[in-house]
Structures are given as structure tokens and as C-alpha cells.
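As C-alpha cells, the structure follows; a few thoughts come after it.
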Amino acid sequence: MTPHDVIPEALVNAALSLDASLSRADLVFTFGETRDPTHGDYATNLALTLAPKLGQKPRAVAEAIVARLALPPAYVSKIEVAGPGFINFFLAREERAAVLARVVAAGPRYGRANGGTARGTKVNVEFVSANPTGPLHVGHGRGAALGDAIAALLEWTGHAVTREFYVNDGGAQIDKLARSLWARVQQCAGRAAEIPEGGYHGDYLKELAAAILAREGRGFADLPEEEGVSRCRAIAVQSQRAEQDADLREFGVRFDVVFSESQLYREGAIDQALAELARHGVTFERDGALWLRSTAFGDDKDRVLRKSDGTYTYLLPDIAYHRHKRERGFARAIDVWGADHHGYVPRMRAALRALGYGDDFLHVQIVQLVRVMRGGEEVRFSKRTGEFVTLRDLFQETGVDAARYFFLMRRGDAQFVFDVDLAKSQTEENPVFYVQMAHARMSGIFRVAAREPAQVTADGVDLGALTMPEEIDLLNELTAFPGLVARAADALEPHRITGYLEGLARIAHAWYHKYRVLGEVEEAARLVLARAVRQVLANGLTLLGIRAPDRM
RNA sequence: GCGCCCGUAGCUCAGGUGGAUAGAGCAGCAGCCUUCUAAGCUGUUGGUCGGAGGUUCGAAUCCUCCCGGGCGCACCA
């Protein structure tokens, strides 16, 4: 039980006792850490929001609530009504230090939710989902880090999460890839051949073509064109998928499910989706094509599902895919998409409405494209010209930890400039090193003391010895962590965790620099504090998929 | 033209779903190593929250309009 559980509960009970007509739904208020220590440790605006409903002055309501507040004995040292009607709580010293016992007891699980409303809810997080037409670039890396962290946040708050990768292995892009590869095979065999219009010019197809000829023999180039293209298609998809998987694995991202578009065709899911849309009466024919009446569901124009040439647009398999997710039992589907797809959101949402799904089923998290800076200049990349900044290039240069951290330290929907030089630097300016260094320093204390952090507990230790301002700050920060994780998960915003870690690391560095642990009269208490700080730094980093090293 | 995202210190960005005097980090300036990592710490300068209205006890946050940037508006994916 943390102050975040205890005090709000007491507030609710006190408020309800004020007036018989009040119900829990009337009590809308915030409770949280204060920014200014003179306002105590925690504050609530309950009286301010309640006053209009009761027709009384906020400060009078606040006084009435305080008078009826039933908190455990010696829980707070002071409660005051301040400003326009805030209620400020000053935690008793023993209660503040009690967080250390909670951290020690929970260990790597500190910050995970162990109860609540959405326990075990099945959530599907689909991310990266790069077409198998080439290597992963830095934008995919950002999506990978973000999707993985969002999935982790949901796991930490008790959801049953499936990490999923969708492979577009049908459609025109793959056809172009296959024909581009076939052209490279011809060129490699010494024949004149052109990369088709809109095809792929990258060197990786040259290398793949050479490998094919080496493996299959030069007769491969003599196959009839359609057979050659067909075999190139299978080889190209398989090869690109294998490379993407290898990159992702090294980047620390693992998927539970890799789902192929072709599976939807094989299972008849496309036709089923089409039939269900027809059954809902939301399709119509015009100009030889089959359309979805998406304007009836918030889209700004109707959309083609089946083109006049009989083939399907991308929308239909995508509808079938999300219907498939629903039928697999997921209560929510979170899709992490690149910014270049954001115009696609309204029609997807409209399609799911047409199927009768609630708007809370699909959440599309847009991830803005990444610009890469090195040596003060922007590094350009383009699939068209074959010039790449691949994800692999990036994390091999900066390290996986730095790359992941950088991708996560900004909101996903904000534009982002990746400073390669900063990510590589091993100084305080680099936030990931700064945070990891704080963890390493806490570890260093135990190394010098020749003690295992796990063996240091709060049992029998006088935690009242922790009285310095930095120590009070640290205790408050540690207390705030579980609530922060919950809010970050709710908002699907991992960058809140990096911000928290930098703040915690800052105080930890200041504390470390200013006070000694070993050999001081406060040693026992400070060792417990160091252990708890180390644990929470590690938990936050681990959640984000970043290592917490014991030495740098 | 329409839609979505964004505009906060010189720079890069936070700002807990409307709260108290808008915060960090870099950069700048001034300091700190016989000590568990100076791979660090301390102090300090710096603001018309793009602009104008509105909603209310209270707005960086919500609404409207305008300015400026990015992206998207296919019988492509």
C-alpha cells in the first residue's frame, strides 16, 4: 500500500460522508506529488472540483474534508489547506522511508501492477511490419523500439500482450521486387536488362542475384521469365525476412507472431471479410469496382475494396487482418505506423466501424520519420536511389542501448533528429550513459563493500537516518515509480520513463557525490537506499529493453 | 483546397489528461578531484508558452480564427 493508494481512498471516503447525494462518480480529482516542497509531498484538488457541486467555497470544502479524513495513525506529519483550496499532505518520515522495504520486497517486479481492472486483457501490439522489399531503416528502428516499449508497458500493467509483425507478401510492391531481382539476375549473367519502372535499385539485390546464380547455377537465368520471376519472388521475400529478423533480434526485439498477408488469402479470410461487409450493407458497385461506403463512418470519401481489374486494394486484406485479430480474442489492437501512413487511419477506422467494432478496439500510434545527424550534417537516405541509413548501420555505430534509448526519449508522434555523435559520446551529455552510469555507481558501492545488493534489506535498519534533502528526494522519486509506469502505459508513452530515469539519475549522482555511504554512521540506511535506487534504475531500463550495467 | 501532427529559454525537448511562482539537459558564465568511477557535482544567466479572441475560481493544456513548419489526401502499399 503506497500513499497513492492510501490517501486517495481516505479522501474519497471523507468526501462521500460530506453529502448523502454524492456518489463516487462525482469525485473527479487529481492526487500527486507536488512540484514545490513547501506544498508538502502530495496534494489534491478534490475540494476545488467538488465545491461547485456542493455550492460551497473551495476552502470550506477542503476544511470539511480534512476534518473527516481517516488516515492510519502517524501516517502524515501535517495536512494543510492552501491556496484556493488545495489539500497538502506532509508524509511522516517513517512512512516516506517505507518505500525502501517495498522496493526491496518486490525487486525486479517493483513498478509492476499487481491488481486492478484490466488484468489479463489480451492486447495485440503490431509494429515494424516492414515490407520484405529491403533492409530495415532507421524509421523502422524507431517503430521497433517504440512498439516493443509500449508492449512492455502494457505487460507491466498486467495485460496479456502479443507482439506481432505483419508481412505484406502479396501485392504490387512484391511483384516489383521480384522483377527487379530477376533483372539483376539477368545482368549478373551478362545480359542486358532494365530494372522495371518503380523498381528497386539497391545493391542488396545485386548481391542476392549473384548468390542465386552461385547456388542455383547459371542455368537459373535461362528459366522462362514468369517462372524466374516467381522463384525470385519467393527467394527475395524469404531472404529479406531473414535479414530483417536478424536485425531485429540483434536490436533486442522479439515477436510472438509473424503474420503473413498470404495466410489471409489461404484461410479465405479475405472473402469472409468481404461477405461480412456486404451483409452489413456497407458496400456497393460503381464503375466496375466494389466500394466501401466509408463516408457513412467518418471517412471523407468512399474507398475501393476490389478494383475493376478484379484485384483487391490494400484496404481489404487489412480489414480482414484486423477482423482476424478480433477473432483471435484481442480486446485491443495497437498498430504502430509510420507517419507516411497516417492518412490511412480514417478509412481503417471507418471500416472497423462498418463491421460494428467500437472505436476503442483499434489504436493507431503514429511514429514520425527520423532524421539522422552526423558531424553536424544530415545523413540522407532514399530507397529510390539505393542510399540507406539502415537500422543495422545505426546500432552497430552507436550500440543497441543508445539507439533504443534515443528512439524512446521523445514522443513517438513528434519529429525526431537522431544525433549520432551524441549517442556515441560517453559523457554526461549523453542521457543513456548518464542513466547507466548512475546504475553503475550504485553497483560500485556494493562492489567496494564486497556485498551483494540482494542481501541488503531494510530489516532492522534505522531508516530515520535518511534525512538529507537529496535522500528525501530519492525516496519520493522511488515512491512515484509505479504510478508513473501506470500512467505511461495508459498513455502509451514510453518517453515518460526515460524522463523519469534521467531525473532519478540526476538526484542519485548528486547524492553520491555529496555523501559517502561506506564508513559513515548512516551506512546501513544508505546501503538500503543505494540498493533501492539501483533496483528502480534497473527496472526502468529493463522495461525499455536497455541494459543496466554494473560498471561502465 | 481539405485532413492529421507540431510550434514552450540561443539549441534539443519535458510539462503526470485544467492547478499553486512554466521546468530539465546542452550551450554560455563562475566554481569543485588525497574520497564508493571528475564517464561526475555545485552555482548562475536566459521565457510575450507562434499570435488574437473565448470557455471558468484557474489555460502551455480545452474551443474558434489567423501565422509558420512537417506529413497525408490513388481503382499504390
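Every value quoted in this text rests on a predicted model; they were computed, and no experiment measured them. In the text below, chain A, chain B and the rest are named by the order of the sequence lines, each starting its count at 1.
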The criterion is side-chain hydrogen bond (donor to acceptor under 3.5 Å, both in side chains); which residues satisfy it with [X], sequence neighbours excluded?
X	answer
A:Arg534	A:Ser443, A:Asp550
A:Glu164	A:Asn124, A:Tyr321, A:Arg328
A:Tyr265	none
A:Thr295	A:Asp302

Inset, instruction - Determine the contact category for A:Asp419: base if any of its heavy atoms lies under 4.0 Å from a base atom, sugar-phosphate if only primed atoms, P, OP1 or OP2 are that close, otherwise nothing. - result: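 No contact.
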For the side chain of [X], counting heavy atoms from C-beta on, which of [options] is nearest?
X	options	value
A:Arg347	B:rA77, B:rU37, B:rG15	B:rA77
A:Val448	B:rC36, B:rA39, B:rU42	B:rC36
A:Arg496	B:rA20, B:rG15, B:rU37	B:rG15

Legend entry - Lys/Arg cation over aromatic A:Phe165: A:Arg241, 6.0 Å, 45° cone: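 Yes, a cation-pi geometry holds between A:Arg241 and A:Phe165.
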Inset, instruction - At under 4.0 Å between heavy atoms, which parts of nucleotides 21-31 of chain B does protein reach? Answer with one letter per nucleotide, 5' to 3': B base, S sugar-phosphate only, - none. - result: B--SSSS----
Inset, instruction - If a pair satisfies side chain to side chain donor-acceptor pair (under 3.5 Å) and one of its residues is in residues 44-59 of chain A, list it, with sequence neighbours excluded. - result: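 Residue pairs passing side chain to side chain donor-acceptor pair (under 3.5 Å), neighbours aside: A:Thr30-A:Asn45.
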Separation of atom [atom1] in [X] from atom [atom2] in [N], rounded to whole Å:
X	N	atom1	atom2	result
A:Met348	B:rC73	CE	P	17 Å
A:Trp291	B:rC75	CH2	C1'	7 Å
A:Arg441	B:rG40	CZ	P	7 Å
A:Leu408	B:rC13	CG	P	15 Å
A:Arg410	B:rG7	CZ	P	13 Å

Legend entry - Whichever of A:Gly32 and A:Ser308 has its nearest RNA chain B nucleotide further upstream toward 5':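 Comparing both residues, the 5'-ward one is A:Gly32.
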Inset, instruction - Can you run down the salt bridge (Lys or Arg N to Asp or Glu O under 4.0 Å) pairs that involve residues 496-506 of chain A, sequence neighbours left out, and say none if there aren't any? - result: A:Glu493-A:Arg496
Inset, instruction - Only pairs at least two apart or in different chains count here, so list each salt bridge (Lys or Arg N to Asp or Glu O under 4.0 Å) that has a residue in residues 40-50 of chain A. - result: A:Asp41-A:Arg96
Table of protein N/O atoms under 3.5 Å from nucleotides 69-71 of chain B N/O atoms:
unit_1: B:rG70; atom_1: O2'; unit_2: A:Gln415; atom_2: NE2; d: 3.4
unit_1: B:rC71; atom_1: O2'; unit_2: A:Ala339; atom_2: O; d: 3.3
unit_1: B:rC71; atom_1: O2; unit_2: A:His342; atom_2: NE2; d: 3.3

Legend entry - Donor-acceptor pair present, A:Asp175 side chain and B:rA77 base, under 3.5 Å: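 Answer no: no donor N or O sits under 3.5 Å from an acceptor.
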Inset, instruction - Return the residues of residues 310-318 of chain A meeting this criterion: a heavy atom under 4.0 Å from some atom of RNA chain B. Order them by number, or give none. - result: A:Tyr312, A:Thr313, A:Tyr314
Inset, instruction - Identify all stems in which RNA chain B takes part, counting only runs of at least 3 consecutive pairs (Watson-Crick or G-U wobble, each distance under 3.5 Å), and give each as one range with another, ordered by first number. - result: B:1-5 with B:69-73, B:10-13 with B:23-26, B:28-32 with B:40-44, B:50-54 with B:62-66
Legend entry - Lys/Arg-Asp/Glu bridge criterion (N-O < 4.0 Å) met for A:Arg332, A:Asp360: no
Could you pull out all donor-acceptor pairs under 3.5 Å where a side-chain atom in residues 333-348 of chain A meets a protein atom, sequence neighbours excluded?
unit_1: A:Asp335; atom_1: OD1; unit_2: A:Lys325; atom_2: NZ; d: 3.1
unit_1: A:Asp335; atom_1: OD2; unit_2: A:His322; atom_2: NE2; d: 2.6
unit_1: A:His342; atom_1: ND1; unit_2: A:Ala339; atom_2: O; d: 2.9

